[in-house]
Every structure is written in structure tokens, then in C-alpha cells.
Amino acid sequence: MTLWTAVLVASIICVALKAVGYLIPPKVLEAPRPARIADLLTVALLAALVAVQTLGAGQAIVVDARVPAVLVAAGLLLLRAPFLVVVAAAALTAALLRWLGWAT
């Protein structure tokens, strides 16, 4: 299977899933249980993405400058800092630690 074939098949599957979503009655999606599951699933997927991007390097788990940067970001978010400040502080933390040679 060529790459373009895989891209086309994936695109067709995505369009089909979107079309099936329009066929589901709104009353099913507005019920408390599906709404709660959708909310929790979003948070779980985001947390998993952050964990993988922070600790992953190929097939290994690596603790480097990204871990303190994420901790700085989490602390600033708890203090309700503006998002741009959070991103800038986390980037600065990672950059300084890498400049000091702690992790590359």
C-alpha cells in the first residue's frame, strides 16, 4: 500500500465517521452519561498527550528539561497566570536548563 493510498483511505474513514455522527439523534448525546464521558475522555486524552510528549523519547522514558518546564507551567496555571505567560515561562525554563547542560 502506498502512502497516498493510506492517506486517501484514512480520509474516507474520517468523512464516514463524521457523517455517522450527524445520524445520531441529539437526545442520545445530550443525556448526562454520554456528556460526562465525553468531558472526561477529553481531559484524559490531553493528559496522556502531555505525559507522552514530556517523558517520551522514542521507546524510552526520559527525564530531561521538559519535566521542570511542565511543572513550572502547571504551577503558573494553578496561580491563574495568562496562557502566554505560562508558555513563555515554561519555554524559558527548558531553555535555561538545556543551556546549563542539564538535559538536551
Side-chain angles (χ1 to χ4, degrees):
M1 180 185 296
T2 67
L3 179 62
W4 284 110
T5 306
V7 169
L8 288 173
V9 169
S11 299
I12 291 168
I13 291 171
C14 287
V15 170
L17 283 173
K18 186 169 181 103
V20 168
Y22 286 118
L23 299 174
I24 298 174
K27 132 176 145 174
V28 172
L29 297 175
E30 292 170 357
R33 180 172 279 168
R36 179 87 170 134
I37 290 172
D39 289 343
L40 293 176
L41 188 61
T42 304
V43 172
L45 287 173
L46 182 59
L49 177 64
V50 169
V52 167
Q53 292 297 313
T54 302
L55 299 172
Q59 295 293 323
I61 295 176
V62 177
V63 177
D64 59 6
R66 295 175 291 183
V67 175
V70 168
L71 293 175
V72 166
L76 289 173
L77 285 172
L78 286 174
L79 295 173
R80 305 254 187 231
F83 185 70
L84 289 177
V85 172
V86 171
V87 171
L92 184 64
T93 301
L96 285 173
L97 288 174
R98 287 180 175 157
W99 184 64
L100 293 172
W102 187 60
T104 56

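Below, all heavy atoms of this structure are taken into account, side chains as well, without hydrogens, waters or symmetry copies. We're numbering straight along the sequence, starting at 1.
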Worksheet item: When clusters are formed by joining ILVMFWY residues with side-chain heavy atoms under 4.5 Å apart, either directly or through shared neighbours, do Val85 and Val72 land in the same one?
Response: no
Fill in: Derivation of the side chain to side chain contact (heavy atoms under 4.5 Å, CB included) call for Val67 and Leu55
CA-CA 7 Å; Val67 175; Leu55 299 172; 3.6 Å; yes
Practice prompt. Measure the spacing between OG1 of Thr42 and CD1 of Ile37 and express it to the nearest 0.5 Å.
Written response: 11.5 Å
Item to complete: First locate atom CG of Leu49, then atom OG1 of Thr54, and finally report the distance between them rounded to the nearest 0.5 Å.
Response: 8.5 Å
Worksheet, complete the sentence: Tightest non-hydrogen contact, residues Val62 and Ala57, listed as CG2-CB, 3.4 Å
Worksheet entry | Closest heavy-atom pair and its distance - Pro34, Ala31 | CD-O, 3.4 Å
Discussion item. Hydrophobic clusters here meaning ILVMFWY residues chained together by side-chain heavy-atom distances under 4.5 Å, can you tell me if Phe83 and Val70 are in one?
Written reply: no
Discussion item. Restricting to non-hydrogen atoms, name the atom on Ala90 and the atom on Ala69 that form the minimum distance, rounded to 0.1 Å.
Written reply: O-CB, 3.3 Å
Practice prompt. Mind checking side-chain contact (heavy atoms from CB on, under 4.5 Å) for Leu84 and listing every partner two or more places apart, or none if nothing turns up?
Written response: none
Practice prompt. Look at the side chain of Arg66 and the backbone N and O of Gln53, then say whether any donor-acceptor pair between them is shorter than 3.5 Å.
Written response: yes
Discussion item. Distance check, rounded to the nearest 0.5 Å: Leu76 atom CG versus Thr93 atom OG1?
Written reply: 8.0 Å
Item to complete: Assess whether atom CD1 of Ile61 is packed by more than 12 heavy atoms of other residues, nucleotides or ligands within 6.0 Å.
Response: no
Worksheet item: Could you give the distance from CG (Leu8) to OG1 (Thr2), rounded to the nearest 0.5 Å?
Response: 8.0 Å
Fill in: Flag side-chain contact, heavy atom, 4.5 Å: Pro25 against Val28
yes
